[in-house]
Amino acid sequence: MVVLRSIFFWPLDINHEATDETVEVRLWGKEESGATSLVIGSLNPYFYLLPKNAENVQTVLREVEDLKSQYGETVKAEVADKKYFGKPVQAIRIKCRTSEAMEKCSKNLSKLPSIKEHLEDDIRPATRYIIDNGVSPSGWYEFEVSKTARPGLMVDNVYEAVGQPEAVEVLKTPKIKILGFSITCLSEKGSPNPARNPILAISMTADPGRSEQLISDGKNDRQILEEFISRIRKLDPDVIVGYGQNSFDWPYLIERSKKHKIALSVDRSGTEPHRSVYGHISVTGRANIDLADVSEDIPEVKVKTLGSVAEFLQVANRIDIDRFLNVETAELWRSAEKRKALLEYSRRRAEVSIKVAKLLWDFTVQLSNTTGLPLDQVAAAAVGFRVDSHLMMQSRELNELIPRRREQPYIPYEGAIVLEPKPGVHDNVAVLDFTAMYPNLMIINNLSPDTFVGQEELPSSEVITVPEVGFKFRKKPPGFYKCILENLISVRKEIKAKLDKTDRKSIEHRILREREKAIKVITNACYGYAGWVGARWYVREVAESAAAFGRDTLRRVFKIAESLALPVIYGDTDAVFVEYDRPKVDKLLTKVESEMGMEIKIDKVYSRLLFTEAKKKYAGLLPDGTLDIVGLEVVRGDWSNAAKAAQERVLEIVLMEKSTHKAVQYLHEFIGNLRAGELPITDFAIWKTLTKPVDSYQVKAPHVEAAKTLIRQGWSLNVGDKVGFVITKGAGKLYSRAKPYTMTSPAEVDFEYYVTNQVLPAAMRVLGMLGADEAAILSSSGGSALSDYLERS
DNA sequence: TTAGGTCGGGG
DNA sequence: GTGTACGACCTAA
């Protein structure tokens with residue numbers, strides 16, 4: 001007799017295994033008790049065929065049934081009422097025993113002349129299970145299960161799922177065991193090479209705070225590899241974190257293990273770590289989260305290293321954590337004292353990765369649950385794929401067939417409005433902006449792939465015509481995007497209401513906050529997703545129309561402002577800068593909201609605002625005395641610290657102390673110090689990203705040349721890596737004088753380049769607006785004569 | 001001088 | 001591998 005019981009279960013990782021009869025979907029996760037369990041679900045993979053001629057569905061079904069016997073492995077073919085891009089369709093659903101059978105079946109049947117399309121055969125079994133059962137990873141579910149056994153798996157319990165699980169609203173995360181790890185390898189010249197350089201040390205920190213370090217003799221790492229495997233098996237972590245382990249640590253461990261013919265059995269199912277979707281390394285049964293991936297979502301951190309991320313999150317000092325980053329270890333290893341420091345550095349990296357992980361944990365969990373992607377995948381997936389996954393999750397409830405990704409041409413379209421700013425200083429400026437403009441425009445105008453009217457002629461009362469571009473969308477029924485966005489917005493509203501009623505210091509409050517953030521991220525990404533050729537639900541006209549409505553909306557605001565005689569100073573996309581005349585601004589807001597049905601609010605008020613001649617570049621003083629700097633060199637990652645620091649100080653003096661004279665004097669001194677060689681080399685480094693392999697650049701560029709130098713030295717540089725270079729003294733093109741800053745001494749730096757091409761342009765962007773003169777700054781007097789004159793006038 | 005390549009950050 | 005608008009530098013001609 002089968003004994004059923006019900007468990008509360010939190011899926012952490014999902015994979016599938018083929019059996020003869022079905023596909024076994026394995027949900028690895030945690031129970032309420034803290035037990036590690038495996039819940040096994042089974043499914044027959046299926047796909048859909050769309051007949052060319054809708055009336056013929058029964059005939060085609062018979063045709064398919066006759067043929068499918070040739071493939072033997074199919075289970076069932078039946079007609080299903082679905083929607084495809086909103087249109088009701090009768091599709092033929094063909095269930096197969098295994099994924100292989102499905103692939104074969106789909107490949108052959110879709111060739112039939114009576115078949116127009118084959119759909120959903122590109123959905124992997126784990127995803128299929130998630131969608132069909134509404135089980136999103138990283139959330140609580142009540143499962144009806146029966147106990148079973150699978151020898152050799154590292155779990156406390158194994159169950160078979162019976163029937164549909166149910167989502168349970170519990171605002172807590174199960175007790176999770178985290179392991180942070182970091183490996184340090186031998187490198188003679190440049191980056192360590194797993195083909196010849198052994199691992200020197202493997203540092204591990206198990207929460208809470210239990211650190212250990214496996215140290216090799218510097219020649220043979222077999223023993224520490226074996227020990228590493230046994231330590232992981234003993235600790236049995238649910239989550240493994242590190243920094244860059246998807247691209248470095250795991251591949252290195254994998255190759256070293258292969259060399260020693262050791263099975264890297266660190267997962268819960270007796271297989272080995274392997275590369276999987278979105279380039280992450282999957283460790284079955286555990287969540288392998290690369291914090292370098294997660295850090296991509298922290299735009300405040302420009303050059304992403306574990307140290308800079310840790311420092312941003314206030315858990316460590318950057319210098320400590322990055323101390324030996326990109327340093328050849330062979331020399332350090334030879335000296336007893338330096339070796340000690342290297343090992344300490346390695347230990348600290350494992351330790352701090354846990355601290356970083358804990359701070360990013362709740363958000364990552366909520367993003368995983370919102371998108372339906374397991375933790376390890378959601379961390380590695382780009383924005384577009386997160387949205388894709390969320391939409392696929394929602395498609396079932398809306399009975400929509402999931403479109404396949406199609407190869408299609410990229411056609412650019414017109415974007416938002418940006419006004420020409422009025423250069424100079426303005427007092428009391430209010431910044432008004434629309435709340436979630438694009439999502440709301442998509443909802444209000446029902447912009448969606450399934451409501452888009454192509455060739456069809458429809459009565460004008462039934463459609464919305466988009467300004468400028470003239471596209472048409474059906475008013476009814478609600479489109480796919482409208483349903484998705486309204487749902488996201490309403491869930492977010494519910495969360496906000498709950499937040500108000502929850503103790504601000506409680507765990508529940510924190511989880512709700514992160515959930516709200518995750519939902520906001522997905523909501524805001526929908527417009528961009530809609531205009532991305534890689535999107536499953538891509539229809540260019542949808543995104544193009546949202547942009548056109550955005551332009552129309554902004555223009556209407558300008559008109560209303562004009563009718564109120566309220567001067568508009570600047571405008572960009574969904575924001576309008578106006579003179580802060582309170583009564584007029586209030587009138588404007590009321591009028592805009594009532595006429596357009598969208599929320600607009602005062603985002604901030606600048607007491608003083610400096611516009612340059614350029615769009616998207618300004619600096620404003622907020623009432624609390626802080627400086628808001630937008631678009632200027634200060635906030636950019638591709639200007640030297642020297643230029644950024646000088647510009648920032650100049651802005652402070654000009655806006656806070658209102659003294660151009662003082663700013664000019666400051667700059668004069670700053671340049672003097674620079675020329676005197678008083679700045680550290682790091683202040684001269686300019687960082688730029690390699691956006692393609694170094695060989696595929698069409699032109700010679702400084703950062704690419706610096707990258708080539710590093711590569712010649714043995715460093716491995718990949719697409720996406722940032723290169724820090726300085727311009728050195730000498731003749732010739734700039735690119736020929738660019739050198740990696742780590743290989744350059746301050747004496748080699750071309751100070752005049754930095755004065756002329758970095759510090760002065762950045763500072764003059766600001767001071768030029770106030771009438772200061774470059775020659776005066778450079779003159780020995782510090783420009784006092786001119787600025788005295790300006791101050792008086 | 002000008003055009004094109006490249007990059008980063010804004011809303 | 002979310003969109004477009006924009007500014008700025010540098011190279012190459």
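Quantities reported herein were computed from a predicted structural model and do not represent experimental measurements. Convention: sequence-line order gives letters A, B, ...; per-chain numbering from 1.
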A/T691 vs B/dC7: side-chain N/O to OP1/OP2 distance below 4.0 Å:
yes
Answer yes or no: does a side-chain N or O of A/Y753 lie under 4.0 Å from OP1 or OP2 of C/dC10?
yes
With a non-hydrogen cut-off below 4.0 angstrom, is A/Y481 in contact with a base, only sugar-phosphate, or nothing?
nothing
Whole angstrom is fine here: how far is it from CG in A/D628 over to P in B/dG10?
10 Å
Base, sugar-phosphate alone, or nothing: which one does A/N757 contact when heavy atoms must sit under 4.0 Å apart?
sugar-phosphate
Does A/T689 place a side-chain N or O at less than 4.0 Å from the phosphate oxygens OP1/OP2 of B/dG8?
yes
Hey, can you pull the donor-acceptor pairs under 3.5 Å for the side chains in residues 567-576 of chain A, sequence neighbours left out?
from: A/Y570; atom 1: OH; to: A/K616; atom 2: N; distance (Å): 2.9
from: A/D572; atom 1: OD1; to: A/K616; atom 2: NZ; distance (Å): 3.4
from: A/D572; atom 1: OD2; to: A/K616; atom 2: NZ; distance (Å): 2.9

Measure from NZ on A/K617 to P on B/dG8 and round the result to the nearest Å.
14 Å
Separation of C/dT4 C1' from A/Y438 OH (nearest whole Å):
8 Å
For a quick check of understanding: with a heavy-atom distance under 4.0 Å over all strands, which category does A/V383 fall into, base, sugar-phosphate or nothing?
base
With a 4.0 Å cut-off on heavy atoms, is A/G528 in touch with a base, just the backbone sugar-phosphate, or nothing at all?
base
Using a cut-off of strictly less than 4.0 Å between a heavy atom of the residue and any atom of DNA chain B, enumerate the qualifying residues of residues 600-616 of chain A by number.
A/K616
Using whole Å, report how far CG of A/L690 lies from C1' of B/dG5.
15 Å
Would you say a side-chain N or O of A/R765 is under 4.0 Å from OP1 or OP2 of C/dA8?
yes
Choosing from C/dT11, B/dG10, C/dT2, which nucleotide comes nearest the side chain of A/W532?
C/dT2
Nearest whole angstrom, please: distance from the C1' of C/dG1 to the NE2 of A/H280.
18 Å
Give one of base, sugar-phosphate or nothing for A/P299, where a contact means two heavy atoms less than 4.0 Å apart.
nothing
Between A/M393 and A/I130, what is the shortest heavy-atom contact and its length?
SD-CG2, 3.3 Å
Where the side chain of A/V699 is defined as all heavy atoms beyond and including C-beta, which of B/dG5, C/dA8, C/dT2 is the nearest nucleotide?
B/dG5
Whole-Å distance between C/dC6 P and A/E633 CD?
18 Å
Counting side-chain heavy atoms from CB outward, which of B/dC7, C/dG1, B/dG8 is closest to A/F385?
C/dG1
May I ask you to say what A/Y410 touches in the nucleic acid, namely base, sugar-phosphate or nothing, with a heavy-atom cut-off under 4.0 Å?
sugar-phosphate
Are any of A/H703's side-chain N or O atoms less than 4.0 Å away from OP1 or OP2 of B/dT6?
no
With a 4.0 Å cut-off on heavy atoms, is A/A416 in touch with a base, just the backbone sugar-phosphate, or nothing at all?
sugar-phosphate
Which nucleotide in the set C/dT11, C/dG1, B/dC7 lies at the smallest distance from any side-chain heavy atom of A/Y735?
C/dT11
Test item: A/P421 and A/K615 side chains (from C-beta on) under 4.5 Å apart, heavy atoms:
yes
With heavy atoms under 4.0 Å as the rule, sort A/A382 into base, sugar-phosphate or nothing.
sugar-phosphate
Could you work out which one of B/dG8, C/dA12, B/dT6 sits closest to the side chain of A/K692?
B/dT6
Just call it for A/G534: base, sugar-phosphate, or nothing, with non-hydrogen atoms closer than 4.0 Å on any strand.
nothing
Categorize A/Y618 for me: base, sugar-phosphate, or nothing, with a 4.0 angstrom heavy-atom threshold over every strand shown.
sugar-phosphate
Do A/E516 and A/R492 sit within salt-bridge range, that is, some charged N less than 4.0 Å from a carboxylate O?
yes
With salt bridge (charged side-chain N to carboxylate O under 4.0 Å, His left out) as the test, would you mind laying out the steps for A/R765 and A/E613 before giving the verdict?
CA-CA 9 Å; A/R765 202 97 56 212; A/E613 289 126 331; over 6 Å; no
Mind checking whether A/Y741 and A/F684 have ring centres under 6.0 Å apart?
no
Value in whole Å for how far the P atom of B/dG8 lies from CG of A/D721:
12 Å
Just by distance, do the side chain of A/T553 and the backbone of A/F549 share a donor-acceptor pair under 3.5 Å?
yes
Charged N to carboxylate O below 4.0 Å: is that the case for A/E400 and A/R536?
no
Touch class at under 4.0 angstrom, heavy-atom based, for A/V635 against every strand present:
sugar-phosphate
I want to check a possible cation-pi pair here: A/K729 against A/Y753, using under 6.0 Å from ring centre and within 45° of the ring axis as the test.
no
Nearest-Å distance, CZ (A/F549) to P (C/dT4)?
19 Å
